[in-house]
Amino acid sequence: LIVVCIIVLFIYLGISFFAGLGIFAITFLTNIILGRLAARMQKAYMKKSDARVNTTSEALNNIKMLKLYSWSHIFAEVIESKRAEELQVPGSDLGLAMDRDQLDFFPQILSATVFSLFIGLGNTLTIETAFTVMTILNLLQDPLRTLPLFVG
């Protein structure tokens, strides 16, 4: 599908297609970098979260002993401190948000760049060409939206 879309775009846009191909390559590389960054941040967050969940599970499994010896406030403080550590992980959602935002940003830049260069090279942009190119660019966006599933 991607190869067919690229061939059709080249037929419709000519040389200005290569600007779109450059934006597509930048999008691909940026998506890989941001996906790995988000995965690294998520891994650090999950380590802290697992520590808190394990402590909570231990407290719940031994609730009779905690109540018997009045240790419940001690375990509550430990669990709250682990939750505070979990929340201190920098950018746990920031990497994922940036990864998702760039998936909406780059298609807009792609179409603006391709159409600007197409018109700048002296071509006339007809409605048929615009709609066909926009449809094909939208088809090319779908593989980019599924890429983060395979990068991390």
Decide side chain to side chain contact (heavy atoms under 4.5 Å, CB included) for Ile6 and Phe10; before the verdict, give the C-alpha distance in whole Å, the side-chain angles of both, and the deciding distance to 0.1 Å. CA-CA 6 Å; Ile6 289 173; Phe10 183 72; 5.6 Å; no

With a 3.5 Å cut-off and no angle check, do the side chains of Thr135 and Thr132 form a donor-acceptor pair? no

Cluster overlap Ile26 with Phe18, hydrophobic side-chain contacts below 4.5 Å: yes

Sequence neighbours excluded, which residues qualify as ring pair (Phe, Tyr, Trp, His ring centres under 6.0 Å) partners of Phe131? none

Just checking Phe118 against Phe17, ring centres under 6.0 Å apart? no

For residues Tyr12 and Ile127: do they belong to one hydrophobic cluster (side chain heavy atoms under 4.5 Å, members Ile, Leu, Val, Met, Phe, Trp, Tyr)? no

Output the distance between atom NZ (Lys43) and atom CZ (Arg40), rounded to the nearest 0.5 Å. 9.0 Å

CD of Glu86 to CE of Met46: how many Å apart, nearest 0.5 Å? 8.5 Å

Find the distance between OG (Ser72) and CE (Met65) and round it off to the nearest 0.5 Å. 12.5 Å

Ring pair (Phe, Tyr, Trp, His ring centres under 6.0 Å) pairs, two or more places apart, involving residues 63-83: Tyr69-Trp71

From CD1 (Ile23) to CZ (Phe28), nearest 0.5 Å: 15.5 Å

Output the distance between atom CG (Leu121) and atom OG (Ser16), rounded to the nearest 0.5 Å. 6.0 Å

Let me check something: do Phe106 and Leu21 share a hydrophobic cluster, defined by ILVMFWY side-chain heavy atoms less than 4.5 Å apart, either directly or through other members? yes

Any salt bridge linking Glu85 with Lys82? Criterion: basic side-chain nitrogen under 4.0 Å from a carboxylate oxygen. no

Give a yes or no answer on whether the side chain of Ser49 reaches the backbone of Tyr45 with a donor-acceptor pair at less than 3.5 Å. no

Please tabulate, one pair per line, all N/O donor-acceptor pairs under 3.5 Å involving side-chain atoms of residues 110-117, not counting sequence neighbours.
unit_1, atom_1, unit_2, atom_2, d
Ser111, OG, Pro107, O, 3.3
Ser111, OG, Gln108, O, 3.1
Thr113, OG1, Ile109, O, 2.7
Ser116, OG, Ala112, O, 2.6

Is it the case that the side chain of Asn123 and the backbone of Ile119 share a donor-acceptor pair, with hydrogens and angles ignored and the cut-off at 3.5 Å? no

Is there a donor-acceptor pair under 3.5 Å between the side chain of Thr129 and the backbone N or O of Leu125? no

Verify, without hydrogens or angle tests, whether Thr30 (side chain) and Thr27 (backbone) share a donor-acceptor contact under 3.5 angstrom. no

Inter-residue atom distance Glu58.CD - Ile79.CD1, 0.5 Å rounding: 9.0 Å

Does the pair Ile33 and Leu37 meet the rule for a side chain to side chain contact (heavy atoms under 4.5 Å, CB included), with working shown? CA-CA 6 Å; Ile33 292 167; Leu37 179 67; 5.5 Å; no

